[in-house]
Amino acid sequence: MDDSMTQHPLLDQLNDKQRAAVSAPERHMLVLAGAGSGKTRVLVHRIAWLLQEYHLSPYSIMAVTFTNKAAAEMRGRVEALVGSSTRAMWIGTFHGLAHRLLRAHYMDVGLPQNFQILDSDDQQRMLKRIMRSLNLDEKRWSPKQAQWFINAKKDEGLRAEHLDGLDYNEQTYKEIYATYQAACDRAGLVDFAELLLRAHELLRDNAIVREHYQRRFRHILVDEFQDTNAIQYAWVKMLSGGGRGENENFVTIVGDDDQSIYGWRGAKIENIHQFNRDYPNVETIRLEQNYRSTNTILTAANSVIANNTDRLGKELWTEGGTGEPIDLYAAINEMDEARYIASRIEAWHEQGNALQDVALLYRSNAQSRVLEEALLHARIPYRIYGGLRFFDRQEVKDALAYLRLLANRDDDAALERVINTPTRGIGARTLDIVRDGARQRQLSLWQAAKQLVQEKVLTGRAANAVNTFIELIDQLEDETSDDLLGKQVDRVIKASGLMAMYEAEKGEKAETRVENLKELVNACENFDQLDANMEEDLTPLNAFLAHAALESGEEQADEYQDAVQLMTLHSAKGLEFPLVFMCGVEEGMFPSQQSFEEAGRLAEERRLCYVGMTRAMQKLVISYAEQRRIYGQEKFHTQSRFIGEIPAENLHHIRMQSASPSFGRQPNYGRFRTSASHEAFTETGFQLGQRVRHAKFGEGTVLNYEGSGPQSRIQVNFDDVGAKWLVVAYARLDRC
DNA sequence: GTGAGCTGCGTTTTT
DNA sequence: CGCAGCTCAC
């Protein structure tokens, strides 16, 4: 590479590999980007390079991500780098871009112009209704399973009619799938998986549309490619002409097979391999230099992931220092674990470090509870990721349902939600009649309701109530359609009685609901259709509704408060923290019980472990509990196999230093006693958490004790035979 | 229409 | 064990 190239401002601060990826000639590329290797940076600089050096129009570039957050970050950084608008560029999520295609070509795919998006909550309610209408045994068939089945098939690109060779169970799900799809089609509703499936069918079946986009998008860049499922892969392939079309299309995929943690929802790591087979002359570039973690952390993470087979192969390295060893805390139970973590955070904070630099990672959400209790007790502020998001809140969804009805009367899901919210005398009986009528006549609920009133199938109070509702919606549209969006929403919320309903409720919860409704009006006032990447020819209302469905909104505010972050290992992906705690690293928790059966799932757990470890910049603390209460039952665990895969020299073992009986689950001690000094030894003469040896049972850890004097008993979790209660006087335990 | 009381369920999550 | 969702009685 000559000097003029290396001095290009876009290549300035990049390492050789990054530079090679950014300045590569136009071609298909596979960038294997390890954790913390500057992946987004490469992607962003590559786009800028295409614009500046190859003088490509922003119009000819598409960049695809999985989350809105990633898309927004990419757009922002590209804009900052090239200093001009990127509006013409298609940067977005798979779902967002598919939605865009469907809006632009709704007629070609047989959708009404006002089609609405069904989120997974809506989808489940819809399925529940459909399964009732099919008179299925509710003990045997669950909407949840049906939802799983349908989405999995759609993710594979399969429609109900494509399914054959099914067993009896699947046959039923197929029927549900078909009925559900017919209902969605009638109502103009599109679920998330449907966005992708239908966009793919559009490109597949419509040569004119397909060729138009193939001509347009000279470069397609896909982030997190290891997380793509079958339909997403097929979609990219279709858009790019498979890389062998008559047009010059180039696809760049960026990903890390070691960070594929979404196999359970249909992601296929093999898509990375498949890309190499499908596209000609793919250049592979590996980004292995890590700019995030200490050498110790990387060595440990590399050792763990090395236990997986079928890897593309990659080893992270750093020019940085060794750093501190990884601490391993062996807790006697989950409360001890939580208390230890809280004490470590206190120490960290006292040394002048920020709490927001600390993350607590766990395998499952249920684990957060005990951690929260300990943090609360220690008065350490914390924030939990993955709560309910704005557009997912009940009251907000109610309001949106009214708006959806204004946009599209046939939206059955919306109608079901609000026809009797607030209550207006339309009870279960009346609704059943309307549902039956709709099914028999193959109409939407709205149309059926109208007909049934007209034909006097519905009479008296019921007819009156239904009529009032119909008139309310019609009138609302009439009167507010000329309003600006914010005004319109404000009037709809009030005239529908929704606001009054929540105002009448009392309590803190109700107050928040009222606040949220006001906030929705606010969001509408500030909504910028173009900023949201919605086409101009979409009505503002439809644009907003699509926006609400596709981006369920940010998490709650108060982000400015310095607080520890709690989240699952999955949601930690892509983030980094100076201090990371990985908790509950026990066999049966992590790897989870359910992953034991299949090697593939175990490998995914290991990748999750790799993801977790590589979040840590300076210091990683791993902990596990010998005993843990799960669903009200005491479980005894051993440390996770993943811990054993870390080189011993990188680990620093810690056991409980000052034992307190409260951690031995004695009654009446409360969950977290103040940390005043407690006797380190139990009345048995053994320390809680201490390692002991028994002639027959081998080695184990002291977990608990009860009684005193000659009857005193002690509970030991033996490595080989599990937990046992022993009478100390007879057990002849030795200290290890 | 509302609330007590019962039942069933219980990785991981984005769109 | 803790919850959400549902039923049934008023």
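All chains are named by letter (A, B, ...) in the order of the sequence lines, taking the proteins before the strands, and each is independently numbered beginning at 1.
- Distance, A:Q232 CD to B:dT14 C1': 10 Å, rounded to whole Å.
- Contact annotation: A:S120 side-chain N/O to B:dT15 OP1/OP2 distance is not under 4.0 Å.
- Looking at heavy-atom distances under 4.0 Å, A:D191 makes no contact with the nucleic acid at all.
- For A:F527 and A:H547, the ring centers sit closer than 6.0 Å to each other.
- Residue whose closest nucleotide on DNA chain B sits further toward the 5' end, between A:A366 and A:F192: A:A366.
- In this structure the side chain of A:I269 reaches within 4.5 angstrom of the side chain of A:R607, judged on heavy atoms.
- One atom, CG of A:L431, and another, C1' of B:dG1, lie 15 Å apart when rounded to the nearest Å.
- Spacing between atom CG of A:D155 and atom P of B:dT13 amounts to 17 Å, rounded to whole angstrom units.
- No engagement by A:K573 is indicated, since no non-hydrogen atom pair under 4.0 Å with the nucleic acid exists.
- At the phosphate of B:dT13, OP1 or OP2 sits under 4.0 Å from a side-chain N or O atom of A:N365.
- Under the stacking definition used here (centres under 5.5 Å, planes under 30°), the residue A:Y262 fails to qualify as stacked on the base of B:dT12.
- Across all strands shown, A:T67 has heavy atoms under 4.0 Å from sugar-phosphate atoms exclusively, and none from any base.
- Comparing B:dT12 with C:dG5, their C1' atoms sit 23 Å apart, to the nearest whole Å.
- Atom-to-atom, CG of A:L361 to P of B:dT12 comes out at 14 Å; the value is rounded to the nearest Å.
- Distances shown here put every side-chain N or O of A:R265 at or beyond 4.0 Å from the OP1 or OP2 atom of B:dT15.
- A:F590 comes within 4.0 angstrom of no nucleic acid atom, judged by non-hydrogen atoms across all strands.
- Of the side-chain N and O atoms in A:T93, none sit less than 4.0 angstrom from OP1 or OP2 of B:dT15.
- Along DNA chain C, the stretch of nucleotides lying under 4.0 Å from any heavy atom of chain A spans, 5' to 3', C:dC1 to C:dC6.
- Of the possible polar contacts, one joining the A:T614 side chain to the A:V611 backbone as a donor-acceptor pair under 3.5 Å is found.
- Shown are A:R363, A:K635, A:R628, A:Q639; of these, the side-chain hydrogen bond (donor to acceptor under 3.5 Å, both in side chains) with A:E586 is made only by A:R628.
- Among the protein residues, A:F66 comes within range of the sugar-phosphate backbone only, with heavy atoms under 4.0 Å from sugar or phosphate atoms but none that close to a base.
- Partners of A:T638 according to the side chain to side chain contact (heavy atoms under 4.5 Å, CB included) rule, which considers only residues two or more places apart in sequence or in another chain, are A:E587.
- Between A:R607 atom CZ and B:dT12 atom C1' there is a gap of 13 Å when expressed in whole angstrom units.
- Ring planes of A:F469 and A:Y402: tilted class, angle from 30 to 60°.
- Between A:H570 and A:Y262, the ring-plane angle classifies as tilted under the 30° and 60° cut-offs.
- Using a 4.0 Å heavy-atom distance criterion, A:Q367 is classed as making no nucleic acid contact.
- We find that CD of A:E505 is positioned 13 Å from C1' of B:dG1, with the value rounded to whole Å.
- Between A:K69 and A:H570, the one whose closest nucleotide on DNA chain B sits nearer the 5' end is A:H570.
- Taking atom CG on A:D119 and atom C1' on B:dT13, their separation rounds to 13 Å, with Å as the unit.
- No hydrogens or angles considered: nothing links the side chains of A:R204 and A:H200 as a donor-acceptor pair under 3.5 Å.
- The listed nucleotides are B:dT13, B:dG8, B:dG10; the one nearest the side chain of A:K139 is B:dG8.
- Distance A:K506 NZ to B:dT2 P: 10 Å, rounded to the nearest Å.
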